[in-house]
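When reading the values below, keep in mind they use all heavy atoms of this one structure, side chains included, and skip hydrogens, waters and symmetry mates. Lettering follows sequence order; numbering is per chain, from 1. What you are looking at is a predicted structure, and each value in this text was computed from that prediction instead of being measured.
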Amino acid sequence: MNIFHHIREKVLKALDGLKARGVIPVDADTSRVSIEAPRDPAHGDVTTNAAMVLARPAGMRPRDLAEKIAALLGDDTGLEAVDIAGPGFINMRLSSAFWPRLLDAVMEQGEAYGRSDMGKGEKVNVEYVSANPTGPLHVGHCRGAVFGDALAALLEETGHEVTREYYINDAGAQVDVLARSAFLRYRQALGQDIGEIPAGLYPGEYLIPVGQALAREHGEKLLDMAEEDWLPIVRDFAITAMMDMIRDDLAALNIRHEVFFSERTLHEKGLIEDTLADLRARDLVYMGRLPPPKGKPAEDWEDREQLLFRSSDFGDDIDRPLAKSDGSYTYFAADVAYIRDKLSRGFRQLVYILGADHGGYVKRLQAVNKALSGGNAELIARLCQLVKLYRGGQPVRMSKRAGDFVTLRDVVDEVGPDVVRFMMLTRRNDAPLDFDFEKVTEQSRDNPVFYVQYAHARICSVLRNAAQELGEKAASAAAPDWTLLTDPAEMALIRRIGEYPRVLEAAARAHEPHRVAFYLQELAADFHALWNKGKELPQLRFILPGQMDVSLTRLAFLRAIRYCLANGLRIMGVTPVTEM
RNA sequence: GGCCCCGUAGCUCAGCUGGAUAGAGCAGCGGACUUCUAAUCCGCAGGUCGCAGGUUCGAAUCCUGCCGGGGUCGCCA
């Protein structure tokens with residue numbers, strides 16, 4: 001259950017009552033009415049700004065209007081107190097009968113607590129990673145991978161129908177370079193001396209096994225062929241090998257995409273031509289000239305007429321070219337076809353997780369979506385900033401030598417997927433992130449991964465002990481008497497648990513999965529505080545032999561906290577460990 | 001030069017799309033362990049929210065202009 005939805009209904013009902021009486025204009029906009037938990041618990045459990053937002057349309061002073069709203073809310077038995085404070089806030093304290101209902105609902109939902117139907121089954125496509133199939137994933141891909149995966153889970157948890165998608169850039173010049181690089185390794189596998197890897201080819205050692213596999217499969221027969229003949233063979237072979245490797249890398253992080261979409265299929269199936277025909281029919285393209293790029297010297301700039309998409313009609317800065325000077329299609333042309341394909345599959349939200357270096361690309365993607373969807377779909381881009389690697393406070397030096405970079409696998413192998421996934425969500429996506437190999441495995445307060453998992457493990461530890469100390473009854477699902485939870489530390493935790501569904505919805509709306517990570521740290525802090533309070537005040541402990549009713553209630557309470565932690569951790573893709 | 005992102009405690013960062021006295025952690029100082037896991041907790045101290053205007057009941061948050069940092073700027077992907 002979501003207590004904020006519950007209160008919103010009450011408030012809106014009161015507002016309707018005032019509208020019926022002519023106090024507020026019937027057409028007054030109530031969309032800005034907020035229902036939230038006040039920062040200061042002294043202000044009550046829930047607060048609303050309704051009076052302040054509607055004071056102007058009502059032609060009243062906020063506090064006077066608040067009086068009228070509060071009068072209508074006061075009748076409600078679910079509210080213990082309704083106060084007006086400050087400039088016109090209406091603060092509500094939930095009656096003591098309310099919290100038990102919340103906790104009952106949590107117990108009933110278990111680890112599904114937090115789920116909502118906000119998305120109403122809306123189809124959402126989340127495209128993330130989409131790294132070129134030319135080598136293993138490196139740390140730079142790591143953040144977007146985790147971010148996208150957590151966002152997908154978050155959207156799913158809030159009632160969206162999510163497709164996780166990976167766009168394979170298997171049509172550009174970079175895969176020809178891959179093919180030539182692999183061919184070199186093929187010759188090497190056949191015993192030829194290939195010397196230094198020429199500049200412009202991929203020197204990475206990960207292509208050595210690809211060369212060996214090519215040798216096994218084709219023997220020496222590719223050696224006698226002309227490049228134009230062997231290149232497609234080697235290219236397909238290498239791309240398949242690279243994608244297998246990338247899938248393995250992602251699997252190490254427990255990431256699995258439902259759809260791997262090949263750029264090449266857009267070309268091969270004629271979908272780009274179809275798209276262009278479509279654009280022409282709707283007068284969205286034309287032959288024209290672009291101004292030269294500003295800011296940097298354009299030595300090879302050549303003014304020419306080319307096929308342009310009218311992206312500036314849809315919010316972009318300039319129109320964008322669809323064809324290169326040699327007549328082949330630009331990457332952008334394929335992207336237009338790709339967006340068209342996504343829209344044809346019925347998605348209402350196209351989410352793109354990109355590196356910060358793609359910031360300049362967002363406007364044109366949105367322009368395409370606007371032009372093709374006619375406003376039926378929304379294109380949302382989230383840019384992930386760089387991850388800086390440290391070890392014991394010292395930056396990890398990355399050699400400029402090509403091919404020598406820290407791979408995603410290196411990081412996951414060293415610290416484990418849980419740590420990587422949690423840490424990648426401890427910053428807003430648009431802020432740079434520092435990742436220190438030593439700090440993230442530290443078992444201390446300033447390591448959030450540990451701190452949250454420790455809270456979960458501690459709860460599990462108590463539940464284990466309870467079975468021994470209280471006997472089998474402790475494990476039974478006896479109806480807890482929630483009114484026995486009265487300590488401020490306990491109440492703080494209950495309120496925190498009540499916030500959770502709202503946090504998820506806000507995070508999903510904003511496409512900001514990091515909010516889940518921050519919430520879990522707060523929830524864990526509340527729990528650790530209660531735990532330690534039990535040290536000074538033994539009557540606050542969870543297991544009190546001789547007080548079975550209190551013990552069973554507190555154990556149930558611990559389960560409720562655990563459900564909340566487990567749900568959040570699952571969205572983040574982090575294992576809720578049961579002992580440490 | 002155009003566009004995008006960022007600027008909040010000494011440090012690293014939150015701040016619930018405009019709410020009340022701006023919050024955490026680290027570092028500093030002072031406390032709590034014969035433990036339901038002290039791997040934790042409690043307290044103190046720390047701020048012109050980059051600067052200057054504007055919008056309104058109310059601004060860290062929105063608009064404008066500066067300052068500083070990063071990214072990006074046909075025919076790469």
Side-chain angles (χ1 to χ4, degrees), chain A residues 32 34 36-40 43 47 49 52-53 55-56 61-63 85-89 91 130 132 134 169 171-175 263 289-296 298 300-304 306 308 316-321 323-326 328 330-332 334-335 355-363 383 385-386 426-428 430-432 434 442-448 450-451 454-455 457-459 461-466 469 499 502-503 505-507 509-510 512 514-515 518-519 521-522 525 528-536 538 541-544 551 554 558 579-580:
Chain A
R32 285 186 58 223
S34 70
E36 51 192 58
R39 212 179 292 275
D40 185 350
H43 290 133
T47 186
N49 64 355
M52 294 179 292
V53 172
R56 180 183 288 270
R61 285 189 307 210
R63 288 192 68 111
F89 288 102
N91 295 333
S130 297
N132 285 343
T134 55
N169 298 132
Q174 81 283 1
V175 284
E263 178 190 0
R289 296 171 188 279
L290 285 178
K294 290 174 181 167
K296 71 174 183 186
D300 54 349
W301 167 261
E302 133 194 36
D303 187 27
R304 68 181 183 90
Q306 55 189 339
L308 298 170
D316 199 2
D317 304 315
I318 55 169
D319 293 336
R320 303 292 174 178
K324 304 180 195 172
S325 50
D326 66 0
S328 64
T330 59
Y331 181 81
F332 176 64
D335 243 340
D357 55 342
H358 284 65
Y361 216 71
V362 174
K363 276 190 180 178
L383 306 176
Q385 281 290 341
L386 289 180
T426 54
R427 289 282 177 277
R428 255 190 5 250
D430 47 15
D434 293 343
E442 235 169 54
Q443 304 205 326
S444 71
R445 175 68 178 97
D446 61 333
N447 177 1
F450 164 76
Y451 188 73
Y454 183 40
R458 259 182 161 176
I459 290 172
S461 166
V462 180
L463 295 175
R464 278 192 301 271
N465 292 337
E469 292 192 34
E499 285 172 20
R502 188 174 183 280
V503 169
E505 290 190 352
R509 239 188 290 273
E512 291 184 349
H514 77 274
R515 293 192 196 186
F518 282 91
Y519 170 84
Q521 291 181 65
E522 288 172 348
H528 286 305
L530 174 63
W531 178 287
N532 278 275
K533 218 170 165 184
K535 293 194 170 306
E536 288 183 36
R541 295 184 172 212
F542 303 107
I543 300 172
L544 296 172
S551 298
R554 288 191 178 153
L558 284 180
E579 56 188 317
M580 312 191 78

Next on the checklist: For the C1' atoms, the ones on G30(B) and on C67(B), what distance do you get once it is rounded to whole angstrom?
Outcome noted: 41 Å

Item to check | All ring pair (Phe, Tyr, Trp, His ring centres under 6.0 Å) counterparts of His514(A), not counting sequence neighbours | outcome: Phe518(A)

Checklist entry - Taking CZ from Arg63(A) and C1' from C57(B), how many angstroms apart are they, rounded to a whole number? => result 12 Å

Checklist entry - Hey, does Glu579(A) reach any base, or is it just sugar-phosphate, or nothing, if we go heavy atoms under 4.0 Å? => result base

Item to check | pair Leu530(A)-Phe542(A): side-chain heavy atoms closer than 4.5 Å | outcome: yes

Checklist entry - How long is the span from the CD1 atom in Ile318(A) to the NZ atom in Lys363(A), to the nearest 0.5 Å? => result 11.0 Å

Checklist entry - Arg56(A): what forms a side-chain hydrogen bond (donor to acceptor under 3.5 Å, both in side chains) with it, not counting sequence neighbours? => result none

Next on the checklist: Distance check, P atoms only: U61(B) and G7(B), in whole angstrom units.
Outcome noted: 11 Å

Atom pairs, protein N/O to nucleotides 70-72 of chain B N/O, distance under 3.5 Å:
from	atom 1	to	atom 2	distance (Å)
G71(B)	O2'	Ala356(A)	O	3.1

Checklist entry - Ala55(A) near the nucleic acid: base, sugar-phosphate alone, or nothing, with a heavy-atom cut-off under 4.0 Å? => result nothing

Checklist entry - Is the shortest heavy-atom distance from the side chain of Asp430(A) to the side chain of Leu383(A) under 4.5 Å? => result no

Item to check | Whole-Å distance separating the CD atom of Gln521(A) from the P atom of C41(B) | outcome: 12 Å

Item to check | Within 6.0 angstrom of Arg63(A) CZ, more than 12 heavy atoms from elsewhere | outcome: yes

Checklist entry - In whole angstroms, how far is the P atom of G74(B) from the CG atom of Leu290(A)? => result 10 Å

Item to check | B/S/- contact track for nucleotides 12-25 of chain B, protein heavy atom under 4.0 Å | outcome: SSSSB--BB----S

Checklist entry - Over how many whole Å does the gap from Tyr331(A) atom OH to C75(B) atom P extend? => result 12 Å

Item to check | Whole-angstrom distance between U8(B) and C13(B), as gauged at atom C1' | outcome: 9 Å

Checklist outcome for this item: With the side chain defined as heavy atoms from C-beta on, Gln306(A) is closest, among A77(B), G74(B), C3(B), to G74(B)

Next on the checklist: Please give the distance between the P atoms of C44(B) and C63(B) as a whole number of Å.
Outcome noted: 38 Å

Checklist entry - Atom CZ of Arg445(A) and atom CZ of Phe450(A): how far apart are they, to the nearest 0.5 Å? => result 10.5 Å

Checklist entry - Which atom pair, heavy atoms only, marks the closest approach of Arg458(A) to Asn532(A)? => result NH1-ND2, 4.1 Å

Checklist entry - With a non-hydrogen cut-off below 4.0 angstrom, is Gly355(A) in contact with a base, only sugar-phosphate, or nothing? => result nothing

Checklist entry - Donor-acceptor pair, His528(A) side chain versus Tyr451(A) backbone, under 3.5 Å? => result yes

Checklist outcome for this item: Where RNA chain B forms runs of at least three Watson-Crick or G-U pairs (i with j, i+1 with j-1, under 3.5 Å), the stems are B:1-7 with B:67-73, B:10-13 with B:23-26, B:28-32 with B:40-44, B:50-54 with B:62-66

Next on the checklist: In whole Å, I'd like the distance from the OH atom of Tyr451(A) to the C1' atom of U40(B).
Outcome noted: 8 Å

Checklist entry - Rounding to the closest angstrom, what is the interatomic distance between A59(B) and A20(B) at atom P? => result 10 Å

Checklist entry - Say you pick atom C1' in G65(B) and the same atom in C29(B); how far apart are they, in whole Å? => result 44 Å

Item to check | Minimum heavy-atom distance Arg515(A)-Val503(A), with the two atoms named | outcome: O-CG1, 4.1 Å

Item to check | Side chain of Arg56(A) - closest among C41(B), A77(B), C57(B) | outcome: C57(B)

Checklist entry - Closer than 4.0 Å, any side-chain N/O of Lys324(A) to the OP1 or OP2 of A77(B)? => result yes

Checklist outcome for this item: Per nearest nucleotide of RNA chain B, the residue lying toward the 5' end, Leu383(A) or Asn532(A), is Leu383(A)

Checklist entry - What is the distance, rounded to the nearest whole Å, between atom NE2 of His528(A) and atom C1' of C33(B)? => result 16 Å

Next on the checklist: Considering every strand and a 4.0 Å limit on heavy-atom distances, what is the contact class for Lys363(A): base, sugar-phosphate, or nothing?
Outcome noted: sugar-phosphate

Checklist entry - Within the structure shown, what part of the strands sits under 4.0 Å from Ser461(A) by heavy-atom distance: base, sugar-phosphate, or nothing? => result base

Next on the checklist: The criterion is ring pair (Phe, Tyr, Trp, His ring centres under 6.0 Å); which residues satisfy it with Phe89(A), sequence neighbours excluded?
Outcome noted: none

Item to check | Pairwise C1' distance for G15(B) and A32(B), with rounding to whole Å | outcome: 31 Å

Next on the checklist: As an exercise, state the distance from CG of Leu290(A) to CZ of Arg304(A), rounded to the nearest 0.5 Å.
Outcome noted: 9.0 Å

Item to check | Rounded distance in Å between the C1' positions of C26(B) and G2(B) | outcome: 40 Å

Next on the checklist: Parallel, tilted or perpendicular, judged at 30° and 60°: which one describes the rings of Phe332(A) and Tyr361(A)?
Outcome noted: perpendicular

Next on the checklist: I need the CD1-P distance between Ile318(A) and C4(B), as an integer number of Å.
Outcome noted: 14 Å

